[in-house]
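To find a chain, count down the sequence lines: A is the first, B the second, and so on, and within it residues start at 1.
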2 protein chains.
Amino acid sequence: MPPRDDPSPPASGAWREGDDAGHRLFAGVGDVKLESGQVIPDVRVAYETWGELNDDASNAVLVQHALTGDSHVVGDQGPGHPSPGWWAGMVGPGAPVDTDRYFVVAPNVLGGCQGTTGPSSAEPGGRRAWGGRFPRTTVRDQVAVEALLADTLGIDAWAGVVGGSMGGMRAVEWGVTWPDRVRSMVLLATCAAASAEQIGLSAAQIHAIRADAGYHGGDYYDAAPGAGPHVGLGIARRIAHITYRSELELQERFGRRPQDGEDPLGGGRFAVESYLDHHARKLVRRFDANSYIVLSEAMNSHDVGRGRGGTEAALARVSARTVVAGIDSDRLYPLWQQELLARHIPSASDVQVITSPFGHDGFLIETGPVGSLVAAALG
Amino acid sequence: MPPRDDPSPPASGAWREGDDAGHRLFAGVGDVKLESGQVIPDVRVAYETWGELNDDASNAVLVQHALTGDSHVVGDQGPGHPSPGWWAGMVGPGAPVDTDRYFVVAPNVLGGCQGTTGPSSAEPGGRRAWGGRFPRTTVRDQVAVEALLADTLGIDAWAGVVGGSMGGMRAVEWGVTWPDRVRSMVLLATCAAASAEQIGLSAAQIHAIRADAGYHGGDYYDAAPGAGPHVGLGIARRIAHITYRSELELQERFGRRPQDGEDPLGGGRFAVESYLDHHARKLVRRFDANSYIVLSEAMNSHDVGRGRGGTEAALARVSARTVVAGIDSDRLYPLWQQELLARHIPSASDVQVITSPFGHDGFLIETGPVGSLVAAALG
């Protein structure tokens with residue numbers, strides 16, 4: 001089970017945790033009214049920054065993590081950071097997001113499990129965690145919280161908003177909701193609205209977690225160590241991980257090779273099974289199952305056109321210079337989704353197609369071509 | 001839970017069940033030694049036939065069902081047949097497999113749950129079902145049992161062997177193992193060896209079933225009604241069903257439409273979720289979870305090249321006139337797998353590519369073009 005989030009209510013404003021928390025920052029953004037009308041009181045946002053904000057606050061770049069990411073875009077694993085940065089090399093002095101020029105902000109998303117208010121945070125008026133009672137949130141709610149964070153930090157407009165996958169969903173929602181607050185965007189391997197297949201795949205994963213006898217309706221934080229819905233979360237991850245990669249990559253890398261020392265015909269595993277088991281275990285150690293459900297449901301809610309006269313009308317609002325890029329082997333966010341974004345965002349480039357064997361995960365792995373696109377977009 | 005298979009040991013030879021069993025036939029094929037060396041005693045095969053065997057037994061066609069299929073290729077739902085025929089219109093007088101000319105045999109597979117010996121059959125020496133102790137079987141074991149059935153029926157060689165998906169795995173194993181017993185083959189949406197992705201997807205589904213608290217290590221047949229691993233099997237089916245269809249079909253058919261009367265943003269479902277729920281429920285009613293595991297593991301074992309000097313050497317043994325066909329939108333058994341079969345089977349056609357929006361399920365749905373190919377291959 002991931003460490004339970006600190007249930008103490010946040011103070012208002014921003015503060016810095018001690019050295020042992022890896023310089024994560026926290027901001028209290030107050031009560032947040034959700035799209036559903038429900039209110040989450042005293043929302044706290046965990047975030048990290050790199051570089052310095054300039055005098056007119058015109059050099060801020062927002063970097064948006066994906067489903068199981070967090071604020072730790074670059075840097076080592078350590079206290080407060082259960083995994084190393086998910087985009088190594090992309091942020092730093094001279095990097096594509098150049099911290100000699102830009103002030104970079106990366107918040108953990110609303111509903112997440114790495115410091116921002118989520119299902120593992122204390123329910124209002126009690127010491128018990130929200131658990132399965134955490135309100136249903138949308139990508140727009142996630143972005144509303146980020147806008148409050150920007151206000152707190154004195155950032156009126158972003159020089160750039162950069163995100164892939166669920167991070168790209170937030171990026172495009174920023175561009176549509178606050179055209180005046182986004183000067184450039186990079187939308188990677190993402191979409192204007194979750195597709196039927198994306199919804200179905202997420203739904204199957206959510207079923208797998210909820211079906212785990214250890215899920216207990218989401219109230220598993222006080223269970224004995226090892227008693228949470230680990231098996232269900234692991235199954236969700238196995239399904240997801242296959243969709244994140246490409247068939248060809250899996251075939252070239254694993255084929256029908258048995259796992260070392262095991263005989264698949266005698267009850268042992270193929271190497272590809274061991275690989276999926278590894279990724280399942282790894283996620284279970286670092287990620288909260290309730291957050292996985294909350295964020296998957298938020299992704300399923302994603303539709304920039306909802307209540308705005310449809311996708312085209314919504315995307316027409318964007319004024320940011322926009323680079324849209326996809327991965328040729330991505331079967332989870334196929335290129336038609338990026339083509340649709342590029343066609344309807346007035347100031348968008350043609351889709352930049354990145355050739356990669358890694359499928360959807362290409363947006364995380366192909367930091368060479370992705371970095372060039374990001375640098376050019378910000379430049 | 002599906003009805004528990006009749007645990008009474010079969011007599012030797014073939015017999016016909018009463019009218020209320022929809023004319024299913026049964027054959028006792030004796031003890032079967034598996035590839036692993038283990039022996040399953042007194043194996044019984046359920047099968048159906050259409051047409052008449054001619055005097056020199058030269059007009060027999062073997063039709064092979066896929067993972068959750070059975071002997072009921074065509075015909076109504078009814079006693080002994082929990083679902084209508086899975087290939088309506090393909091077998092009958094004047095149909096692509098023309099019963100005015102051919103004697104058609106369709107057995108339920110070893111390890112299945114529609115009459116042939118499988119996990120729901122009685123364990124030797126007891127009245128308890130095999131459950132999770134059913135031996136690990138391979139596609140070659142499935143085919144070995146079918147060869148014993150052919151012997152019982154006096155069929156020395158098949159005029160044709162026709163199968164898609166797992167049925168195609170058995171078909172190609174027939175052609176490789178007994179070149180002299182197969183005069184023509186139709187291999188639909190299938191492969192010479194299960195790929196890394198196919199293995200990984202099956203593995204995730206098997207995990208979902210085994211993780212169900214109702215699975216009880218496979219001993220759930222005596223559980224209260226409704227207490228089997230239905231949730232786990234349903235999750236497996238949701239995953240599988242998405243892979244059986246195409247992304248485009250799901251998008252055009254469902255998109256982001258809410259299920260009638262439900263609000264996805266308020267805890268309700270999208271139409272695509274309801275569709276997957278429906279297919280999950282439907283499978284749970286008619287199929288045994290242990291059989292799903294046994295057959296999935298057998299599919300993962302599939303590799304015509306194992307112990308035969310590799311794929312090319314194995315396929316070079318085939319002497320049957322062979323038609324290989326694939327579906328352009330099939331992402332579970334992509335066209336490269338059929339191209340590989342066609343390239344290395346000496347007497348194979350070029351791959352016949354069937355254009356269909358239905359993905360892998362196209363081999364079941366597109367009976368027009370599939371029927372033409374089958375008729376031509378047999379003709």
- request: Please list, chain by chain and in numerical order, all residues satisfying salt bridge (Lys or Arg N to Asp or Glu O under 4.0 Å) with B/Glu262, sequence neighbours excluded.
  value: B/Arg269
query: So which part of A/Glu247 gets closer than 4.5 Å to some heavy atom of chain B, the side chain, the backbone, both or neither?
result: both
message: Out of the candidates A/Thr137, A/Asn300, A/Thr138, A/Asp303, only one should pair with B/Leu265 under the side chain to side chain contact (heavy atoms under 4.5 Å, CB included) rule; please name it.
response: A/Thr138
message: Between A/Val231, A/Leu276, A/Ile242, who has the most heavy-atom pairs with chain B when the cutoff is under 4.5 Å?
response: A/Ile242
Contact leader toward chain B among A/Val272, A/Ile239, A/Asp212, where contacts are heavy-atom pairs under 4.5 Å: A/Val272
query: Given that the side chain runs from C-beta out, which part of B/Ala194 has a heavy atom under 4.5 Å from chain A: side chain, backbone, both or neither?
result: both
field: Nearest non-hydrogen partners of B/Ser195 and A/Gln251, listed with the distance
entry: CB-OE1, 3.2 Å
- prompt: Side chain, backbone, both or neither: which part of A/Arg306 has a heavy atom under 4.5 Å from chain B?
  reply: side chain
- prompt: Which of residues 197-208 of chain B get closer than 4.5 angstrom to chain A, counting heavy atoms alone?
  reply: B/Glu197, B/Ile199, B/Gly200, B/Leu201, B/Ala203, B/Ala204, B/His207, B/Ala208
Between B/Arg331, B/His241, B/Glu35, B/Arg256, the one whose heavy-atom pairs under 4.5 Å with chain A are most numerous: B/Arg256
- line: Applying a strict 4.5 Å limit to non-hydrogen atoms, the region of B/Arg257 in contact with chain A is neither
message: Which heavy atom of A/Gly255 sits nearest to which heavy atom of B/Ala196, and what is that distance?
response: O-CB, 3.4 Å
field: Residue, of A/Glu252, A/Arg245, A/Arg136, A/Glu297, that accumulates the most heavy atom pairs under 4.5 Å with chain B
entry: A/Arg136
- prompt: A/Ala280 versus chain B, heavy atoms under 4.5 Å apart: side chain, backbone, both or neither?
  reply: neither
